[in-house]
Peer 1: 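Submitted below is the structure of interest, expressed as structure tokens.
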Amino acid sequence: MIGISDKGMTNLLSAETLEGMAGEKVTLHGVIQRIRCLGWGAFIVLRRHDGLLQCVMGNDGNEEILDNLDVEQSVEVTGTVKEAGIKDNSIHPASVEIHVDSIDIISAPAVQPPVDTTKKVLDLHIDTNLDLRPLSLRHPGERARLKIAESFALGFRESLSNMGFTEIRTPKICSAGAEGGANIFKVDYFGRPAFLAQSPQFYKQMGVGIFERVFEVGPVFRAEPHQTSRHINEYTSLDFEMGFIDGFEDVMALEVAVLRHCLYRVRKNTSYELEMLGAKMPEIGEQIPSITLEEAHRITSEISGKNCMREPDLEPEEEKILCRYSKEEWGSEFLFVTHFPTEKRPFYTMDDPANPGTTLSFDLLFRGLEVTTGGQRIHEYEMQVEKMKKFGLDPDDFESYLQAHKYGLPPHGGLAIGLERMTARILDVDNIRLTTMFPRDAKRLTP
RNA sequence: GGUCCGGUAGUUCAAUCGGCUAGAGCACCGGCCUGUCACGCCGGAAGUUGCGAGUUCGAGUCUCGUCCGGACCGCCA
């Protein structure tokens, strides 16, 4: 037997730690991101867990080792931390650098990278980028997007956790789709048909009966064969569901609070990445404006000159017009749109008793794109059974789900935020695939 | 599924009305450079123009077929 102790674990020497260590000798690891050779020596930039670190090495007596160094080698460096004023905003820490005593190659790539990841801008065709994802994501700007998405999701978890929500993990292999639609992936489950989850909706509602307030960060699957820059077939859904609401406005109010914290967390945790990418973070003022779908159509009809009044939903062009309008008129880059028609919303959506034909539901638009859908759900058993029948669904097919209603549920509602879409709009990235680590679309199953 | 656009060096892009040896940046290789920061300077190598057929004296360019991709639409909690 040997004992494994957590004492004496490797100190990762974060960028912040290194900034306070001028004059000290350190040994650390990294991967060579780029090398700039000058007559007297070289600048060796290491890619580390939390940024890029500049190392400096003179030629004298080092000709052979410098000659052997190459990008993407894993190295161990020993040297002295020195003050530096580095202008390149992809370097972090920027206030110090390492004056190298020795550098050892621990591991080297088998072949030269097919694309240039050493430059500030990774200038790749999207298809090349996605084919080479294990490599292209090593580029500081590419991986920064994933860090920002991570921080946003972390903010989501933190804020809900602090407000008494329980984080749940629900099955992704299900016996029926949450929407009953055709856009669902079928899988073989020991000879029985099963489906990949389109949404944790059913389980969130059951969760309300158990914990009152629940949330989940997880994958959802959509089998729609659409080919657009804002759709992928597997994405990360930030979901919550809460009991004892007075109306769907409570859900929207909570989203305002959650978003505020998510944006705070992104600013706080990824300021280096935001600056490197030149991101313009949105601000949330006192409130986020909210309009009904009818008002929305009136506005877009006036602006575009096209009559949109009879559209049951918002078209992509309308979403863009509305966001521009919201920013100019109300100073908000976020905009709620409420009261979507009954037939455009799933069967579990609560109808608005005051406005027949519409539902107590909302979308949140942000910078021209729908990033959230939510609303109040039906909590009474009989009402839910009736609406299923109206939708042409057989309640018997949803027996296990309906246990939640049958045994009593408080009035409740919730929402889902698309993480990759949110990240793409924060960073002004055109294609959602570029804010996804390994995107899945109709034509892409690898890497 | 529909409409439009594209496929040229490892990569990102040029190539005028169909006309000279298909060019350039970056990467790569060689040389130079005492603080770079998308370093700089000099030189070099690198191509079955997605694939197949056709028209033509001549095709990256025009036509047909085929494969692959992109944008938008349909669709979309």
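Letters go in sequence order (proteins before strands), and every chain restarts at 1. Only a predicted model underlies this, so the values are computations on that prediction, with no experimental measurement involved.
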Peer 1: Under 4.0 Å between a Lys/Arg side-chain N and an Asp/Glu carboxylate O for A/Glu241 and A/Arg377?
Peer 2: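 Yes, charged N to carboxylate O under 4.0 Å.
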Peer 1: Reckon A/Ser237 touches a base, only the sugar-phosphate, or nothing at all at heavy-atom distances under 4.0 Å?
Peer 2: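 Nothing, no heavy atom under 4.0 Å.
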Peer 1: Can you check whether A/Lys119 has a side-chain N or O nearer than 4.0 Å to OP1 or OP2 of B/rA38?
Peer 2: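 So the side chain of A/Lys119 is outside the cut-off, no N or O lying under 4.0 Å from OP1 or OP2 of B/rA38.
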Peer 1: Answer yes or no: is there an ion pair linking A/Glu216 with A/Lys172, defined by an N-O contact shorter than 4.0 Å?
Peer 2: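 Between A/Lys172 and A/Glu216 there is a salt bridge, with a charged N closer than 4.0 Å to a carboxylate O.
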Peer 1: Can you check the A/Trp40 CH2 to B/rC32 P distance for me, whole Å?
Peer 2: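 A/Trp40 atom CH2 is separated from B/rC32 atom P by 17 Å.
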Peer 1: Using a strict 4.0 Å threshold on nitrogen-to-oxygen distance, state whether A/Lys147 and A/Asp50 make a salt bridge.
Peer 2: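 Judged by the 4.0 Å cut-off on N to carboxylate O distance, A/Lys147 and A/Asp50 do not form a salt bridge.
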Peer 1: Can you give the dot-bracket line for RNA chain B, where a pair is Watson-Crick or G-U wobble with both atom distances under 3.5 Å, crossing pairs use [ ], and | marks a partner on another strand?
Peer 2: (((((((..((((.....[...)))).(((((.......))))).....(((((..]....))))))))))))....
Peer 1: Please measure how far the P atom in B/rA27 lies from the corresponding atom in B/rU11, and state the result in whole Å.
Peer 2: 16 Å
Peer 1: Just N and O in the side chain of A/Ser229: are any of them under 4.0 Å from OP1 or OP2 of B/rG70?
Peer 2: no
Peer 1: Does any donor-acceptor pair link the side chain of A/Glu97 with the base of B/rG35 at a separation under 3.5 Å?
Peer 2: yes
Peer 1: For B/rG47 and B/rC5, measure between their C1' atoms and round to the nearest Å.
Peer 2: 24 Å
Peer 1: Nearest whole Å is fine: how far is B/rU12 C1' from A/His125 NE2?
Peer 2: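 It is 10 Å, rounded to the nearest whole Å.
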Peer 1: Are A/Val56 and A/Val100 close enough that some pair of their side-chain heavy atoms sits under 4.5 Å apart?
Peer 2: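 No, side chains not in contact.
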Peer 1: Using whole Å, what does the distance between atom C1' of nucleotide B/rC33 and atom CG of A/Leu66 come to?
Peer 2: 15 Å
Peer 1: Under 4.0 Å between a Lys/Arg side-chain N and an Asp/Glu carboxylate O for A/Glu333 and A/Arg367?
Peer 2: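 The answer is yes: the pair qualifies as a salt bridge.
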Peer 1: Students often get this wrong, so: under 4.0 angstrom with heavy atoms, is A/Pro316 touching a base, only sugar-phosphate, or nothing?
Peer 2: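 Answer is sugar-phosphate: A/Pro316 comes under 4.0 Å of backbone atoms only.
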Peer 1: Counting only side-chain nitrogens and oxygens, does A/Asn431 get under 4.0 Å of the OP1 or OP2 atom of B/rA71?
Peer 2: yes
Peer 1: Is any side-chain nitrogen or oxygen of A/Arg230 closer than 4.0 Å to OP1 or OP2 of B/rC73?
Peer 2: yes
Peer 1: For the residue pair A/Asp430 / A/Ser229, report whether a side-chain donor-acceptor contact shorter than 3.5 Å exists.
Peer 2: no
